[in-house]
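For reference, the structure discussed in these notes is given below.
Convention: sequence-line order gives letters A, B, ...; per-chain numbering from 1.
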Amino acid sequence: QAQDMQVIKIASQSPLSGPQSILGISIRNSVELAIEQLQGPLNELGYSVEFVPFDDQATPDVGVSNAQNIVNDAAILAVVGHLNSGVALPSSEVYNDNDLVMVSPANTNVNVTDRGYPTVNRVCGRDDTQGAAGAAFAATIEGVESVYVLHDTTAYGQGVAEFFMAEAEAQGLSVLGFEGTEEAANFDGIIQPILALEPDLIYFGGIYSQTGIFISQARAAGYEGFFMGPDGFDSSEFADLSGDAGVGTYYTSVAAPVTVYETAAQFAADYEEKFGEGVQPFGAQSFDAASIVLQGIAAAIEANGGAMPTRAQVAEAVRATEGFEGLTGAITFDDNGDPELANYFILQVGSADSAEWNNNALLSTQSIASPLMAAAMSS
Amino acid sequence: MTTSRAAVSEAGARSGFWGRFPNPTVTVGFLIVYLAVVIGLLLSLDRASLWFSIQSTIVFPAFILSPLLIHSAPIPRTWKAVLIGLVMIIAMPIIGISDSSYLELAIQVCIFAGLALGLNIVVGFAGLLDLGYIAFFAVGAYVWGMFTSTAPTIFNELGILIPPDSQAVAFIIFIAIGVLVAACIGILLGLPVLRLRGDYLAIVTLGFGEVIRIIARNGDSPTNFTNGSQGLLNVGRPPVNADMVARIGELSNTLNIQVVGNLEPLTQQILFYFIAISMLGIILVVANRLQNSVIGRAWTAIREDEVAAIAMGVPLVRMKLMAFALGAAFAGSIGVLYGAKQTFVSPESFTLLNSISILAMVIVGGLGSIKGVLLGAMIVTLLQLQVLKNFSLQLNALKNVDFVVLGFHIRDWPTQLEPAKYERFVFGILLVLMMLFRPAGLLPESRRRLEMTRTNDVPEEPPSDIPGTPNGPANPAAAGVGD
Amino acid sequence: MTTETLSTRPTTGILDSLREHPTIKRIQSNWIYRYIVFPVAQMLFFIVAAALVMTVIAYAVSIVVPEPRPNINLAAQITKQLPGMIVSGVGIGFVYAMIALGYTLVYGVLKFINFAHSEIFMVGAVVGFEITDRLAASGTIASWNPLILVPFVVISSMLVSGGLAVLIERVAYRPLRGSPRLVPLITAIGLSFFLVDGVRALVAVTRNDFNLTYPTQELEFLKNPIPLTFNGPVVGGTNIGGVTYEQITADGVVLDEWQVEGATYSSITVGGVTLGGVPVKASDIVSGETEYDAVLVEGRDLDDIEDGANIVNIRITVIIIVLSAVIMLVLLNYFVNGTKIGKGIRAVSQDQATAGLMGINVNRMVAITFFLGGAFGGAAGALFGLNVGTVTPYVGFIPGLKAFTAAVLGGIGNITGALLGGLTLGMVESFLNGTLVYFPALGQRYTDIFAFSVLILILIFRPSGLLGERVDEKV
Amino acid sequence: MSSAAPVLKIDNLHTYYGHIHALKGISLSVEAGEIVTLIGANGAGKSTTLRTVSGMVRPRQGAVELRGKSIVGLKAHEVAALGVGHVPEGRRIFPLLTVRENLEVGAWNVKERSQFDERMDQAFTLFPRLKERVTQKGGTLSGGEQQMLAIARALMADPEVLLLDEPSMGLAPVLVEAIFDIVQRVNKEARKTILLVEQNALMALEIAHRGYVLQTGEVVLSDSARSLMVNEDVRKVYLGEH
Amino acid sequence: MLLEVKDVSKSFGGIRAVRSVTLGIEQGSISSIIGPNGAGKTTLFNLLTGIYKADTGSIVFNGRSMIGLRPDQVNAAGMARTFQSIRLFPTMTVLENVMVGAHSRLRVSILQTLSRAPSFNRQEKRLTEKATQLLHFAGLAGKGDEVARNLPYGDQRRVEVARALASDPKLILLDEPTAGMNPHESADAMALFRRVRDELGITVVLIEHDMKVVMGISEHISVLDYGEKIADGTPSEIRANPRVIEAYLGRGAASGIDPNNPNAAKAEAAK
Ligand SMILES: Nc1ncnc2c1ncn2[C@@H]1O[C@H](COP(=O)(O)OP(=O)(O)OP(=O)(O)O)[C@@H](O)[C@H]1O
Ligand SMILES: Nc1ncnc2c1ncn2[C@@H]1O[C@H](COP(=O)(O)OP(=O)(O)OP(=O)(O)O)[C@@H](O)[C@H]1O
Ligand SMILES: [Mg+2]
Ligand SMILES: [Mg+2]
């Protein structure tokens, strides 16, 4: 790196330690990869980009404390993060107070953007839309008339499950139960009443590390119906965890399978090469988030006549992102920072072999407008 | 009236570090130089520097621990007051203007110190092992949050939220409400369970902590009180006005300090800082007054020998309830502050691990010792929020510039072994080491020190375990809390 | 000071007077009775009692609230779930019990809560995974006799966990013996952080992942649950996609064969559904010689799936858990009450200094106790892993907490109490999980709250736990 | 009596509890077959002396020799294995072990079954009362029975040297007599060497051969029991004469 | 009668520790309770002070029933005690120990404590003075700042007495207050107990095994055996009671008391 370049820093915040770190690390790594691969345009403008990863430990206090640290580093112009909406919400207050732009790869919680902050954006879909898309599809599965909804009691899992439930009811499915569980290993007790209620489909709003185990245990206990879940299922690890029982499981995703977009496959390969492990869910989104940020900064610099832009200018430039072609599809932010049109994919697990994960069958693709867009279109 | 203990600490102060200083004037001089150096360094740190993380990790703790250092120095009281006032009321805000993350740290330290002091009343003074202490903190945060958050709770729907323009007054009233509600809940829980002995009490309080969290997490149906796992958003805070913001702006201009970020949030932080240190100050006074009173002595008596205490006319349950309620009240009031400061209240902030980490502050610092607990809270909070983090950041910075030590490229450090992933690992080791080397805590209360010395010569079979020896305690309770 | 110490037998008034009877005394002096018959009978009694009590309560609730939700008949649902709830309660209850033993043994001797014990359990689970996974990787796992494999895995985990517990005691607790009891509590917490992330570092470096899935798929004997029939000899009669599958029975015995439209199959899998036998990929369904693929094409007409809930699949792992736990508890009981070392441990638990005067090496007794507690934790870990399939370095926390609760519930320091506490907690949880669902305002998320209330209630009426000896202080 | 080297020899012993200097250079010796008594006011360091010998506390300075071999720094169980039995202050029965189990624990270092049975018999002949109560929990015995059990327990290991710390404390007068009687019998019949600490100095001196007077951690007087009994100061201070 | 105990019984599981004991304590007297080990003496004290609940019987103190009261309430009613095995608050100073003893006579208010109201400061000052005086009375002058645990045994016993006196009791129950003291020390202790009665006007009841103390100080003696009261009377009556000699004193001790200590009792009485 040339010494005369001005230094710009991009921070990431995600859990790097603790049980959720597998996803958090994937976020961190993907951002690092994006910065490494895509900082060329900025270098040409005379800026070098440094990456500062923070560990929010999936804890609000730590996230906020990090956020304070981040906003005080004048060189940091953008943040990619977080994994947990519970951490993103308070931390983004701090960013917003200081005009620092945040692009979230994973916070699907509606409140993240519904606050309407100019600095807060996300590249992923929303729980409300995703849950509803899942329910709409579930209603079309032949023979499914009753569903049982589980969630992991987190802002994410419960949020998406609630939206699923609402739409399922609207679609005329009968919801036999709505339950939250923090259990991570032994689901025996939870499975018993499900067996007795005999739902045709179980929807589990949660993350693969929990749901994969649940599914394998539910099958072993004799459950015979279908399983479905949100993008938290989208990890090759799911196949390892659920084994044969997971075959046939439906899941919605806000990220296209790498087989759909060539770029995504390239990303997965690069990732694997650099970090020696497979990319996890939200990795592609994190890469996109970082790319958008880099692009936004470059745009802001240009608009500023080549000089170091202010944070507000960067935020403005990021919000202005239009038609950005990312791994997860084209992204244009609406006024709240949601992608105007987000793709929601319905996939089905095809094999218990995790190497085959990318060959899961894509059953349906829906492009759904963000609520703000939808409202604009209907009026 | 505890002349002997005062004498002990004076003697300790003289003989230790301060023993080298010939007289108070030199000591004061030393302290002034010390402060000047530390503050100067802090203000001159440059975030662009490669070694920034490590530098700030050394200098900031040296600064924030200085009030304790000053307090322990053998100098006249007025000098102590002046110097501590200087550090806390003048230096800290200025440092905050230059970098508000230090303000954040200072506020967090105050919050946790307040919590630790509250828990110290329960565990340290009265000897009741409470593993669910965080629940009372949650109660305070939720009380404030429910009446100010715009989340779709029943409070919001009924339109009984406190409007933003009256939140300044309401905040103060709610601190009192937080105190009352937490204390009442403490009493309600205490009534049935305080008859249980030590470890049984521990499990019940632990369970209670979880119950409060579960209720918060599920309090969104059938009626939405807590907004469930989504948490309460946009919680109100005592607002700053344009006048204050302008003044901070002027100040920064006068001092010629460049403010990173916006002035308004900075002003808000400074306001919170002053609220936090005032609350901590009040809590310190309260804790101190409790300790040196009929109540404090009764608690010590209960801790050391319940049977003897009740036979001497100390009403066990009432005194224990009092400890429980007062500890809870501290937590409740700080919870209100916390809710307002975070502007977001969610169940995730109130887990068992938080309870445990507050307990660790109390024990690491020195059970029952107010100064020790303060130090413990500072150290554990700084460790968790600054030191360990900066360690990772430093390594990352070195990676970024491809730093080479002894021929090893830091960049080649495997990601699996990234220090950020092992903060808790390191924290765990530090906890173990601190306890092994200072089992009575960093600044033990003088009577605890007494308890410990007895065993120095006989690590294997301490004679303290001999009930009924004339001079040993007749009661194992004296050997530990929560028997 | 109520001195709680290691003790294995509750004091029950009536039983005490019975014990004085000469015949009973003679029987009691027989070691087979004392160390085998009595403990096993006691365990059976606890299982039956816990199940019975919970069943009665559940039905009582169903009388009070017959229809908690429209179209849900609570009593009918309970009947459907009853066997399942009991089996699951027993399974998890024994796991809790085995972990609780570690807390209780250590507490009995040193009077402090070994908070790192949950991580010792976790290490047991991880070691169990390492061994089975290595065997699987070498391709030999399928050739092992289950009767050798399971003990091999469990005992290895016991050795590692037990050794670890001893090491921890040596490094982090022994130097603190004699300091206030909260001090080792904090080192224990520190250690548990250390262990969790230490193990994670190890598996992250060696495996790049920390979701550790036991290769149970490759273990034939684990795959087929034992179906218990409650409604007569014919199981199923399942109708999928218009085809009726009937499990063949001969002389009232259910065979592992299925009949579909006249043809007989040894195993059928439709979609994800396996009817008996080994799950086979859909395309592999074979009948004697003919392929049967008509079923697959249509997908499933789930409406027609008939009431299959009368079958309860008892997972083999639950049986393994129960058997291993029983064997180990019997051994432990013998060890503590019937051997010299056991006596030494009990003496140390009551008075360390005096035990030393008698010539007992206190440190060794403490180490043995830690080894035992750790070994039980390790065994529980391996069995838990086999049962649930996937473990992580974070898996210890919740079962550890629950087991700690169970130990207190049973009366901390009391070995039998740990067993009863574990079973009670497991059963209470299982029943709560199974019934709370039907109450619209409640649900399973309130299970822990109710379980906790049960704990408080029990402690209010029995302040030293279910079996804890209330040794009143002699003032 | 001074034929062989003393069985137990203590030289210039200094023991501390934290910063409390409990023993300030105690020296004494006990010959084989002797009863030696330590008398002194409360806190003089009598119990501490016994505890230091048996390894319960470690001296900071000084020597303790058992049959000419240093035992300083050994752990309590190692000292016990060398043939020192200690009946601690306050009896210290294992409350939840039965009388039999208490005795079994006392015989921890006895390897042979036959020896064990023999000692058990011996204990029961010495204390027939204990035989009636073999299955009773130690904690429920009365104070006197506990004291008997404590002595019997110490004898199970057949120690060469017996350290007795206030065996009569808190006992009813009848039992005090009985205990002193037994101590004397054990000394005469089983030929044990005994170091006895007693507040009831008069009775102690009656059965002892020699005595030492301790005062605030130091030996201030040592003589034969007979001479101590007639010593003016001793009579005044420790025997309660005015 | 200051204290009237009627038909009080207490069992632990199978052990009937106290069996329908009836006794009365005269205002201003010094009485003793003696009996073999395990006779139920301490248990009786525990029943009186509310540590154990009596199975049956009545306890009337100062005209008020004590049945069902908690130990702290009994203390407040004017009955204080010491313990057979010393139970001081080991790491508190001697002065603090005595101050805790006065708890039931103090106003305990959080508000006053926190505000450091004048009334609070006055109370603290009075309390300190009172505790200092009591220490002086008990012969512990100047030891107030010592940590209780570091005192010699005899002094600890005195602190226990001073602590019990701090609650201004009408009746003080002493459980083997001279156990482990040498004869010289017990003589001093006896003098102290007398002064408690004579100077402070507090009624004294003690449990003792040391016959010199019992016979030398008591005006009235009750004897328990196997939980039952087997005798009651003046010291000379008790000494001559064959049942008491059989169960408790033993022939040697009974005869041994007089020759060894011919004039202790008389000498003390003469002072
Ligand atoms: N466990 C202990 N911790 C601290 N100091 C102790 C301890 N035990 C004894 N001491 C101190 O050591 C000194 C000697 O005590 P020791 O118990 O040996 O006396 P003693 O002669 O046996 O007295 P007593 O007749 O009361 O039993 C005393 O000053 C006492 O305060
Ligand atoms: N908490 C208790 N639990 C069971 N038994 C008890 C309890 N307290 C006392 N006992 C029993 O009650 C009986 C009377 O005991 P107590 O302590 O009153 O005797 P004492 O007369 O004070 O004897 P000593 O003179 O030895 O102190 C004894 O047999 C004792 O074992
Ligand atoms: Mg002694
Ligand atoms: Mg008694």
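The two residues B:V123 and B:L129 have their closest heavy-atom pair at CG2-CA, 4.4 Å.
Under the 4.0 Å criterion applied to side-chain N and carboxylate O atoms, C:E429 and C:K402 are assigned as salt-bridge partners. Ion pair C:R177/C:E169 flagged as a salt bridge, since at least one NZ, NE, NH1 or NH2 atom sits closer than 4.0 Å to an Asp/Glu carboxylate oxygen.
Pairs engaging residues 164-200 of chain C under the ring-ring contact (aromatic ring centres under 6.0 Å, His included) rule: B:F425-C:F194, B:F427-C:F193, C:F112-C:Y173, C:Y173-C:F370 [sequence neighbours left out].
Using a 4.5 Å cut-off between heavy atoms, C:I456 contacts chain B through its side chain alone, with no backbone atom that close. Looking at C:L191, the atoms closer than 4.5 Å to chain B (heavy atoms on both sides) sit in the backbone and in the side chain alike. Using a 4.5 Å cut-off between heavy atoms, B:L131 contacts chain C through its side chain alone, with no backbone atom that close. With a 4.5 Å cut-off on non-hydrogen atoms, B:L353 touches chain C through its side chain but not through its backbone. Contacts of C:L185 with chain B are made by side-chain atoms alone, with heavy-atom separations under 4.5 Å and no backbone atom involved. Residue contact with chain B, scored on non-hydrogen atoms closer than 4.5 Å, involves the backbone and the side chain of C:L459 alike. Looking at B:L352, only its side chain comes within 4.5 Å of chain C, counting heavy atoms on both sides.
Interface check for chain C: of the options B:G428, B:G441, B:A360, B:A202, the most heavy-atom pairs under 4.5 Å are formed by B:G428.
For B:F208 and C:F452, the ring centers are positioned 6.0 Å apart or more.
Few gaps surround CZ on C:F439; more than 12 heavy atoms of other groups in view lie less than 6.0 Å from it.
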